[in-house]
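Positions are given from 1 along the sequence. Order of listing sets the numbers, starting from 1, for every ligand and every atom in it. Values below: all heavy atoms of this structure, side chains included; hydrogens, waters and symmetry mates excluded.
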Amino acid sequence: MKTPVVIAIDGTSASGKSTNAKLVAQALGFVYVDTGAMYRTLAWHCLKTGVNVDDLQAVAAACRRWKTELVCVDQQVRLRVGGYYPEKEIRTAETSAAVPRVAAIPKVREWMKKTQRSCVKFGPLVMEGRDIGTHVFPETDFKFYLDALPDERARRRAAEGVQENLAERDQRDSQRAAAPLMIALGATVINNSKMTSAETSSRLIAEIQKRLATVEKHGL
Ligand code: DC
């Protein structure tokens with residue numbers, strides 16, 4: 001059986017990954033996967049069950065033992081813990097502060113990679129994150145990296161009502177040893193500081209359709 005197409009969208013915090021990945025998935029009829037939400041879910045689970053997020057071994061053990069399942073609802077993948085999807089809880093300031101710590105642990109990243117790769121069972125994917133083109137699906141021909149100027153990214157977060165230290169988060173994400181945030185080889189880089197999400201997603205869709213036509217003609 002042919003492996004479904006995977007569109008990898010990586011980039012800095014508040015660079016428009018989620019908005020654009022969702023728009024692209026809708027336009028193409030693909031399934032959307034937010035991998036940041038999966039790391040957030042583990043951070044939330046640790047906080048809730050009293051696991052110290054700075055204790056590497058304790059977090060790795062929690063990740064080995066937690067009872068999860070992947071489900072696809074309205075063309076979006078959700079990670080459920082004990083049958084529950086903590087949609088709101090994973091967006092709190094407390095979870096946001098804990099998640100880069102959890103995401104820096106190699107055993108956690110191994111678990112996430114395996115789980116994220118298994119999402120192809122749902123069909124063609126648009127997967128957004130920090131390491132999708134570099135580590136999770138390095139074999140895909142569809143790699144994108146979104147970025148925007150720091151001031152513009154801070155403005156976008158503030159408009160969403162979220163106060164967060166983006167510079168610190170980006171530094172943690174790009175300087176960790178395990179799968180740091182970086183531009184994948186062959187990725188198309190889009191700096192969308194001066195673009196609307198309609199413009200960014202149109203650019204992504206046009207690029208993807210061009211490549212899909214080539215793949216159909218010549219194979220992957
Ligand atoms: O995209 P987000 O803000 O929901 O991501 C939450 C955190 O998880 C952020 O610190 C980066 C990290 N992350 C990661 O390390 N790798 C991914 N593939 C996705 C997110």
* Between Arg169, Arg130, Lys17, Glu168, flag the one that comes closest to atom 14 (C) of ligand 1 by a heavy atom. => Arg130
* Structure fact -> Going by the 4.0 angstrom heavy-atom rule, the piece of Gln116 near ligand 1 is neither
* Supply the atom-to-atom distance Leu28 CG to Leu125 CG, rounded to the nearest 0.5 angstrom. => 12.0 Å
* Asked: Can Glu128 and Tyr32 be counted as having a side-chain donor-acceptor contact under 3.5 angstrom?
  -> yes
* **N-O pairing of Asp10 and Arg130 below 4.0 Å** => no
* To do: Hey, could you give me the OG/CZ distance between Ser193 and Arg156, rounded to the nearest 0.5 Å?
  => 6.5 Å
* Is Arg117 paired with Glu139 through a side-chain N to carboxylate O contact shorter than 4.0 Å? -> yes
* Asked: Going by the order shown, which atoms of ligand 1 are within less than 4.0 Å of some heavy atom of Arg109?
  -> 14 (C), 15 (O), 16 (N), 17 (C)
* To the nearest 0.5 Å, tell me how far Lys194 NZ sits from Leu149 CG. => 6.5 Å
* Asked: Is Arg176 touching ligand 1 with its side chain, its backbone, both, or neither, if touching means heavy atoms under 4.0 Å apart?
  -> side chain
* Structure fact -> Closest to atom 20 (C) of ligand 1 among protein heavy atoms sits Gly36 CA, 3.5 Å
* Which of the numbered atoms in ligand 1 are below 4.0 angstrom from a heavy atom of Asp173? -> 9 (C), 10 (O), 11 (C)
* To do: May I ask you to identify, for Met38, whether its side chain, its backbone, both or neither come under 4.0 Å of ligand 1 on a heavy-atom basis?
  => neither
* Structure fact -> Looking only at protein heavy atoms, what sits closest to atom 4 (O) of ligand 1 is Arg40 NE, 2.8 Å
* Presence of salt bridge, Glu110 and Lys114, under 4.0 angstrom -> no
* Arg157 N/O to ligand 1 N/O under 3.5 Å -> no
* Of the side chain and backbone of Arg172, name the one, both, or neither that has a heavy atom under 4.0 Å from an atom of ligand 1. => neither
* Would you call Thr200 and Leu146 a side-chain contact if the rule is heavy atoms closer than 4.5 Å? -> yes
* Structure fact -> protein heavy-atom neighbour closest to atom 12 (C) of ligand 1 works out as Ala103 CB, 4.0 Å
* To do: For residues Ser201 and Leu23, report the shortest heavy-atom separation together with the two atoms involved.
  => OG-CD1, 3.7 Å
* 4.0 Å heavy-atom contact, Ser13 with ligand 1 -> no
* Can you check whether Thr35 has an N/O within less than 3.5 Å of an N/O in ligand 1? -> yes
* What atoms of ligand 1 come closer than 4.0 angstrom to any heavy atom of Asp131? -> 16 (N), 17 (C), 18 (N)
